[in-house]
Amino acid sequence: MPRPIEALIHTAALAHNLARARPAAPDAKVWAVVKANAYGHGIERVFEGLRGADGFALLDLAEAERIRTCGWRGPVLLLEGAFEPRDLELCSRLNLWHVVHCSEQIDWLAAHKTHQPHRVFLKMNSGMNRLGFLPAAYRSAWARLNALPQIDEISLMTHFSDADSDSGRGIAHQMVAFEAATRDLPGERSLANSAAVLRHRLRSDWVRAGVMSYGSAPDFPARDIAHWGLQPTMTLRSRLIATQSLQPGDAVGYGSSFTADAPLRIGIAACGYADGYPRHCATGTPVLVDGVRTRTLGRVSMDMIAVDLTPTPAAGPGSEVTLWGRGPRGSLLPIDEVARAAGTIGYELMCALAPRVPVHIDGG
Ligand SMILES: Cc1ncc(COP(=O)(O)O)c(C=O)c1O
């Protein structure tokens with residue numbers, strides 16, 4: 001019998017979440033962002049659920065090929081553009097749209113031989129200081145691109161650093177910089193990631209829906225997936241493989257970081273950090289046993305984790321343990337809650353699902 005752990009990818013939830021971007025950005029076309037192997041879900045596994053998008057955005061050329069192999073003939077955008085000149089050959093061959101964020105990429109385009117002019121998204125560094133041309137250099141980059149026969153259409157793009165919180169710098173300063181530098185430039189605009197789509201409702205011809213499509217609230221814990229009407233798209237579930245009855249003073253796991261102060265029945269679930277469950281989750285991290293919410297105890301081991309069975313006295317070996325996602329009888333444990341207990345964000349947990357975990361598609 002295989003080890004009783006698996007992940008499920010919920011196709012209907014992917015479609016549902018993506019559709020939430022439509023009312024939030026009513027006139028916009030929606031990129032389904034599927035970089036990092038669809039945020040750990042698997043490009044081929046999410047394709048059916050996300051095929052209602054207007055295009056797929058990603059950054060790895062091999063992943064772009066995989067989306068084409070799925071049968072997608074519509075727009076595909078490389079969010080970081082070409083990494084070297086010969087990548088442009090693949091862009092021509094697979095009709096990939098690509099970001100242009102630096103002058104070297106314009107040089108490569110100028111030297112590129114193609115019969116099919118490219119659609120590009122010219123990226124502005126409006127304040128995040130990661131990729132893109134500074135506002136002062138943006139118009140001359142645009143003019144250079146516009147003069148190239150290799151270019152068909154230029155869209156205008158930027159990315160926000162603080163769209164997800166009320167406490168940061170916000171997006172106003174970046175909006176001002178972007179609008180001032182692009183005021184009379186033609187072309188479609190692409191501004192918003194999930195947080196900007198849900199929280200700022202800006203005008204943007206193309207929005208880039210990433211983590212919201214995967215059932216994570218971009219501004220958790222201020223707001224959760226219930227607030228945004230999102231559903232979990234990945235469930236990580238396992239089973240209890242043992243139980244133990246602790247006496248006061250008994251400790252659990254490596255480092256004895258949890259000690260019982262009263263008699264306590266615990267379960268041992270077949271899931272550990274080698275499955276992608278974060279080792280940083282301390283005692284008290286939420287977990288479901290048979291759909292009932294309880295807590296983890298002690299340190300996460302490579303292959304096992306201990307859980308408190310106080311709320312589920314009938315649980316025993318074989319009982320279902322939901323590490324995140326959907327549990328039995330309509331129960332739910334958002335990935336954001338587990339991520340928070342590990343001091344991180346939902347993105348990181350879903351991306352880190354380990355290769356040894358078998359993944360199945362829940363087509364319902
Ligand atoms: C340029 C760009 N656009 C969109 C996204 C999607 O962001 P999110 O997953 O927060 O929606 C990302 C992700 O980091 C990105 O780098």
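Because only heavy atoms are used, hydrogens play no part in the values below, and waters and symmetry mates are left out as well, while side chains stay in. Remember, it's 1-based here, ligands and their atoms both numbered in the order they're listed.
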Worksheet item: With atoms numbered from 1 as shown, which atoms in ligand 1 lie under 4.0 angstrom from a non-hydrogen atom of Tyr39?
Response: 6 (C), 7 (O), 8 (P), 9 (O), 13 (C)
Worksheet item: So is there a nitrogen or oxygen of Gly210 less than 3.5 Å from a nitrogen or oxygen in ligand 1?
Response: yes
Worksheet item: For ligand 1, is there an atom lying under 4.0 Å from some heavy atom of Arg130?
Response: yes
Worksheet item: Is there a donor-acceptor pair under 3.5 Å between the side chain of Ser238 and the backbone N or O of Pro4?
Response: yes
Worksheet item: Can you tell me the protein heavy atom closest to atom 11 (O) of ligand 1 and the distance?
Response: Ser194 OG, 2.5 Å
Discussion item. I'd like to know if the side chain of Ser216 pairs up with that of Asp336 as donor and acceptor (distance under 3.5 Å, no hydrogens or angles considered).
Written reply: yes
Discussion item. Regarding Asp219 and Trp228, do their side chains bring together a donor and an acceptor under 3.5 Å, going by distance alone?
Written reply: yes
Worksheet item: If you measure from the Lys or Arg side-chain nitrogens to the Asp or Glu carboxylate oxygens, is any gap between Arg119 and Asp152 under 4.0 Å?
Response: no
Discussion item. Just to check, does Tyr347 reach to within less than 4.0 Å of ligand 1 when the distance is taken from its heavy atoms?
Written reply: yes
Item to complete: Please could you name the atoms of ligand 1 that Lys123 approaches to less than 4.0 Å, counting only its heavy atoms?
Response: 1 (C)
Worksheet item: How far is atom 7 (O) of ligand 1 from its nearest protein heavy atom, and which residue and atom name does that atom have?
Response: Asn193 CB, 3.5 Å
Item to complete: Check whether Ile5 and Leu353 end up in the same hydrophobic cluster, where Ile, Leu, Val, Met, Phe, Trp and Tyr are linked by side-chain heavy atoms less than 4.5 Å apart.
Response: yes
Discussion item. Under 4.0 Å from a heavy atom of Val211: which atoms of ligand 1 are those, numbered in the order shown and with their elements?
Written reply: 8 (P), 9 (O), 11 (O)
Practice prompt. Could you state whether Leu58 and Leu14 fall into the same hydrophobic cluster, counting links through intermediate Ile, Leu, Val, Met, Phe, Trp or Tyr residues with side-chain heavy atoms under 4.5 angstrom apart?
Written response: yes
Discussion item. Which residue and atom name correspond to the protein heavy atom nearest atom 14 (O) of ligand 1, and how close is it?
Written reply: Lys35 NZ, 3.0 Å
Discussion item. One thing to verify: whether Asp275 and Arg356 come together as a salt bridge, which I'm taking to mean a side-chain N less than 4.0 angstrom from a carboxylate O.
Written reply: yes
Worksheet item: Does His159 come within less than 4.0 Å of ligand 1, judged by its heavy atoms?
Response: yes
Discussion item. Applying a heavy-atom cut-off of 4.0 Å, say which part of Met212 lies close to ligand 1: side chain, backbone, both or neither.
Written reply: neither
Worksheet entry | Donor-acceptor pair between His280 and Thr344 side chains, under 3.5 angstrom | no
